[in-house]
Amino acid sequence: LDQDGRQHMVVAVDTIELRSRVSAVLVSVGDEPPEPSTPPARAAMDAASTNASAGVVLRLLSQRELDWVNLYRILDYVAHDCGGKKDIVRAQLATADEIDRFGAAANRNEVSGDDARHGPLKGAPPTRTMTLAEGRAFIRRLVKDWLVSL
């Protein structure tokens with residue numbers, strides 16, 4: 001209660017979720033120790049503070065269900081930042097085959113059923129695709145490698 005007898009209530013809701021795997025290998029040759037490398041989690045946070053796409057990608061990874069729709073949105077942000085999907089391949093962040101298999105699984109209802117991004121599409125579905133678990137692993141690896149490259 002304030003001085004006038006009014007009751008005030010403040011409600012604040014905030015969520016943060018951080019996930020990280022950190023490993024380090026130190027190899028020293030000679031008299032001077034090598035410069036320590038930046039841990040992947042720190043590199044990701046640094047990238048997110050200076051790169052708008054990185055910030056969105058990290059939010060999508062932490063706040064959204066990793067279904068085909070959100071996984072593909074993440075791929076779109078990485079591709080946009082790199083200059084396109086072909087530039088992801090040029091940067092050796094993923095192979096064209098991985099991107100094609102991922103796209104087929106994400107988009108084709110013959111592959112992913114009701115979870116696919118689209119309904120029926122023309123043409124036969126490809127024979128090489130990914131499961132949702134493989135798609136999640138592919139996107140996580142792509143994002144990790146992309147963040148390190150920034």
I'd like to know whether Phe138 forms a side-chain contact (heavy atoms from CB on, under 4.5 Å) with Leu71, so could you lay out the CA-CA distance, the side-chain angles of the two residues, the decisive distance to 0.1 Å, and finally the verdict. CA-CA 9 Å; Phe138 165 66; Leu71 290 170; over 6 Å; no
For side-chain contact (heavy atoms from CB on, under 4.5 Å), just list the numbers for Leu142 and Val78, CA-CA rounded to whole Å, side-chain angles, deciding distance to a tenth of an Å, and then say yes or no. CA-CA 8 Å; Leu142 171 65; Val78 174; 4.3 Å; yes
Let me see the working for Asp76 and Arg73 under salt bridge (charged side-chain N to carboxylate O under 4.0 Å, His left out), right down to the final yes or no. CA-CA 5 Å; Asp76 285 342; Arg73 289 175 67 205; over 6 Å; no
Output, in order, the C-alpha distance, side-chain angles, deciding distance and verdict of side-chain contact (heavy atoms from CB on, under 4.5 Å) for Arg108 and Thr129. CA-CA 10 Å; Arg108 306 286 304 217; Thr129 63; over 6 Å; no
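The distance between the ring centers of Tyr77 and Trp146 does not fall below 6.0 angstrom.
A side-chain donor-acceptor contact under 3.5 Å links Asn70 to the backbone of Glu65. Panel note: side chain Ser49, backbone Asp46; a donor-acceptor pair is recorded below 3.5 Å. Side-chain atoms of Ser53 do not come within 3.5 Å of backbone N or O of Asp81 as any donor-acceptor pair. With hydrogens and angles ignored, the 3.5 Å screen pairs a side-chain donor or acceptor of Thr131 with a backbone N or O of Glu134. In terms of modelled atom types and a separation under 3.5 Å, the side chain of Arg141 and the main chain of Leu93 share a donor-acceptor contact.
Within a 6.0 Å radius of NE2 in His118, more than 12 heavy atoms belonging to other residues, nucleotides or ligands are found.
Within the model, atoms CG of Asp100 and OG1 of Thr95 stand 8.0 Å from one another, a figure rounded to the nearest 0.5 Å. Atoms CG and CD1, on Leu66 and Ile74 in that order, are 5.5 Å from each other to the nearest 0.5 Å. Once rounded to the nearest 0.5 Å, the distance linking CH2 of Trp68 with CD1 of Ile139 reads 8.5 Å. Summarising the geometry, atom OG1 belonging to Thr127 is positioned 10.5 Å from atom CZ belonging to Arg101; distances are rounded to the nearest 0.5 Å. Going from atom CG of Asn109 over to atom CG of Leu121 covers 7.0 Å, rounded to the nearest 0.5 Å.
Looking only at side-chain heavy atoms (C-beta outward), Lys144 and Arg140 stay at 4.5 Å or farther from each other.
In this structure, Tyr72 and Phe102 have parallel ring planes: the angle between them is below the 30° cut-off, well short of the 60° mark.
Minimum heavy-atom separation, Ile88 to Ala79: CD1-CA, 3.7 Å. Summarising the geometry of Ala104 relative to Pro126, their closest heavy-atom pair is CB-CG, 3.1 Å, with the distance given to 0.1 Å.
The cluster map of Ile, Leu, Val, Met, Phe, Trp and Tyr, joined by side-chain heavy atoms under 4.5 Å apart, puts Val56 and Leu150 in the same cluster. Under a hydrophobic clustering in which Ile, Leu, Val, Met, Phe, Trp and Tyr are joined whenever their side-chain heavy atoms come within less than 4.5 Å, directly or via other members, Val69 and Leu60 fall into different clusters.
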